[in-house]
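Right, one structure below, let's go through it.
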Amino acid sequence: MQFTDLKTQYAALKPGIDARIQRVLDHGQYIMGPEVKELETALAAFTGSKHCITVASGTEALLIALMALDLQPGDEVITTPFTFAATAEMIVLAGCMPVFVDVEPDTCNIDASLIEAKVTSRTRAIMPVSLYGQVADMAEINAIAARHGLAVIEDAAQSFGALYQGRRSCALSTFGATSFFPSKPLGCYGDGGALFTDDDALAQAAREIRVHGQSARYTHTRLGVGGRMDTLQCAVVLGKLERFEWELQRRAEIGARYQRLLADVPQVTVRPDRNSVYAQFTVMVDDRATVQAALQAAGVPTAVHYPKPLTLQPAYARYCCAECCPASSSLAARVLSLPMSADLSEADQDRVVAALHAALQ
Ligand SMILES: Cc1ncc(COP(=O)(O)O)c(C=O)c1O
């Protein structure tokens with residue numbers, strides 16, 4: 001059993017993906033080839049966002065969004081410490097100060113009720129993370145942002161395809177930033193990512209920043225980065241879109257089945273006004289190392305997202321005290337992600353559930 005089954009997915013999509021890759025090899029436009037625009041058009045339509053700008057990775061998407069917003073050194077960006085490091089890392093690399101707000105113990109997403117107390121005269125943006133595939137409380141976050149004139153960047157690296165109050169993740173705020181890392185709900189075969197926005201000026205800024213700040217060839221109107229997503233990776237994502245709706249349906253079914261079969265095990269709560277695309281299906285266990293070892297012995301791969309909140313990581317400790325996000329620290333010690341992908345069979349899922357129940361006895 002694999003933690004994320006990309007081989008079965010490729011076997012199912014092979015003719016389409018191979019043909020698309022071959023087409024790129026035939027036309028030879030490896031950088032900014034026609035597949036880039038084709039993918040951007042498809043993803044903008046899928047999310048309901050006016051603009052989609054593909055970029056080199058989810059990390060680059062976050063950085064480009066911050067740069068497009070023209071944040072200045074010392075500006076503060078409110079975010080969660082219970083995330084992959086890239087979220088806060090890009091805030092720091094953009095010259096800003098990450099301000100950490102703790103998460104809700106049941107959803108693991110930023111606790112919107114704690115945000116407003118952290119807004120200062122230097123706050124410029126809020127960067128919630130839609131962790132494990134479930135969108136954070138965007139309505140509350142957008143309302144706080146509107147009251148204080150802040151931008152909102154949804155780190156949607158794990159939630160592409162998720163629905164929130166009937167709308168898609170990535171199309172819910174100033175910017176949505178996603179990742180096409182291979183194991184993400186929509187992945188490529190290398191690095192890739194995308195930014196989404198309804199704002200014409202921000203979209204134009206992001207397009208320029210992606211190509212070293214060029215508004216025309218060799219006219220560098222602003223500071224940028226080498227942040228393009230290459231044509232081959234765009235072709236792969238286009239190939240993956242062929243059955244993406246089916247995959248979302250399967251993920252929902254497999255997630256619901258895990259919820260049912262593991263009803264006796266503490267697990268991430270999904271709020272009724274949204275769904276999860278289950279980038280991870282995550283439970284909370286005590287004595288995680290023992291449980292993980294027992295599962296491994298039973299042939300069940302697991303992973304921990306994430307073993308430490310950023311508030312406890314040396315590189316970020318100076319932005320926060322170690323004790324100021326207790327829910328994040330407590331969750332980090334207990335979360336355990338189980339095998340999850342659209343091709344996970346019922347038989348394998350039953351093995352996971354049986355092995356976990358046995359380990360918890
Ligand atoms: C929450 C979050 N943000 C950002 C990223 C960075 O994405 P990428 O690996 O495409 O740079 C990831 C990927 O792991 C992520 O999970």
Side-chain angles (χ1 to χ4, degrees), residues 62 65-66 69 71 74-92 96-159 162 164-165 169 172-177 266-274 276 282 284 305-313 315-335:
L62 296 171
L66 290 162
L69 289 165
L71 301 192
D75 284 347
E76 295 175 2
V77 180
I78 292 174
T79 191
T80 162
F82 196 49
T83 178
F84 182 60
T87 316
E89 188 177 43
M90 292 307 108
I91 293 171
V92 176
C96 302
M97 290 279 295
V99 174
F100 293 113
V101 166
D102 209 358
V103 296
E104 301 169 327
D106 59 343
T107 65
C108 303
N109 277 332
I110 193 166
D111 187 337
S113 72
L114 303 178
I115 291 178
E116 205 148 18
K118 293 289 182 84
V119 174
T120 72
S121 58
R122 310 201 69 165
T123 310
R124 292 285 312 279
I126 308 173
M127 191 185 276
V129 177
S130 296
L131 200 73
Y132 301 145
Q134 173 181 207
V135 172
D137 284 337
M138 293 305 282
E140 291 81 350
I141 293 166
N142 284 334
I144 295 165
R147 277 200 290 280
H148 298 277
L150 312 175
V152 178
I153 304 166
E154 180 196 10
D155 181 342
Q158 302 184 12
S159 61
Y164 173 87
Q165 298 181 355
S169 174
L172 302 166
S173 57
T174 319
F175 269 120
Q267 53 182 262
V268 173
T269 301
V270 180
R271 298 262 184 263
D273 63 346
R274 65 202 82 169
S276 176
T282 303
M284 292 86 157
H305 307 95
Y306 297 89
K308 273 187 191 178
L310 298 182
T311 42
L312 295 179
Q313 292 285 3
Y316 302 96
R318 69 169 126 149
Y319 302 108
C320 186
C321 65
E323 308 80 33
C324 61
C325 292
S328 299
S329 300
S330 158
L331 283 165
R334 300 173 62 227
V335 288

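Below, all heavy atoms of this structure are taken into account, side chains as well, without hydrogens, waters or symmetry copies. Residues take their numbers from the sequence shown, with the count starting at 1.
Scanning both residues, Ala88 and Leu310, for their nearest heavy atoms gives CB-CD1, 3.6 Å. The two residues Phe100 and Tyr319 come nearest to each other via the heavy atoms CE1-CB, 4.1 Å. Residues Leu69 and Arg124 approach most closely at O-NH2, 3.5 Å, considering heavy atoms. For Gln158 against Tyr132, the heavy-atom pair with the smallest separation is OE1-N, 2.7 Å. Pairing each heavy atom of Cys96 with each of Val77, the nearest pair is CB-CG2, 4.1 Å. Nearest heavy atoms, Glu140 versus Ala112: CB-CB, 3.9 Å.
To the nearest 0.5 angstrom, Ile141 atom CD1 is 12.5 Å from Ile153 atom CD1. Rounding to the nearest 0.5 Å gives a distance of 8.5 Å between CD of Glu323 and CG of Leu312. Residue Leu150 holds its CG atom at 9.0 Å from CD1 of Ile144, rounded to the nearest 0.5 Å. Taking OH from Tyr316 and CZ from Arg318, the interatomic distance works out to 10.0 Å, rounded to the nearest 0.5 Å. Interatomic distance, Phe82 CZ to Ile110 CD1, rounded to the nearest 0.5 Å: 13.5 Å.
Asn109 places a side-chain N or O within 3.5 Å of a backbone atom of Leu131 that can act as its donor or acceptor partner. For Tyr164 (side chain) and Ala139 (main-chain N/O), a donor-acceptor pair under 3.5 Å exists by modelled atom type. Using a distance-only test at 3.5 Å, with no hydrogens or angles considered, a donor-acceptor pair links the side chain of Asp102 to the main chain of Ser328. Looking at Glu76, its side chain never comes within 3.5 Å of a backbone N or O of Met97 through a donor-acceptor pair.
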Open item on the list: Would Val135 and Arg271 count as a side chain to side chain contact (heavy atoms under 4.5 Å, CB included) here? Give the steps.
Closed with: CA-CA 9 Å; Val135 172; Arg271 298 262 184 263; over 6 Å; no

Open item on the list: Between Leu114 and Lys118, does the side chain to side chain contact (heavy atoms under 4.5 Å, CB included) criterion hold? Intermediate values first, please.
Closed with: CA-CA 7 Å; Leu114 303 178; Lys118 293 289 182 84; over 6 Å; no

TODO: Check the pair His305, Phe84 against side chain to side chain contact (heavy atoms under 4.5 Å, CB included), reporting the backbone distance first and the verdict last.
DONE: CA-CA 8 Å; His305 307 95; Phe84 182 60; over 6 Å; no

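The side-chain contact (heavy atoms from CB on, under 4.5 Å) test with Val101 is passed by exactly one of Ile126, Thr80, Thr79, Ile78: Ile78. None of Val103, Asp155, Val152 except one satisfies the side-chain contact (heavy atoms from CB on, under 4.5 Å) rule with Pro128; the exception is Val152.
Leu66 places a side-chain heavy atom less than 4.5 Å from the side chain of Met127. Residues Cys108 and Met284 have side chains in contact (heavy-atom distance under 4.5 Å, counting atoms from C-beta outward). Under the 4.5 Å side-chain criterion, counting only non-hydrogen atoms from C-beta, Met138 is not in contact with Gln165.
Judged purely by distance below 3.5 Å, without hydrogens or angles, the side chains of Gln134 and Thr107 never pair a donor atom with an acceptor atom.
Residues Asp137 and Arg274 are paired through a salt bridge, judged by an N-O separation under 4.0 Å between the basic side chain and the carboxylate.
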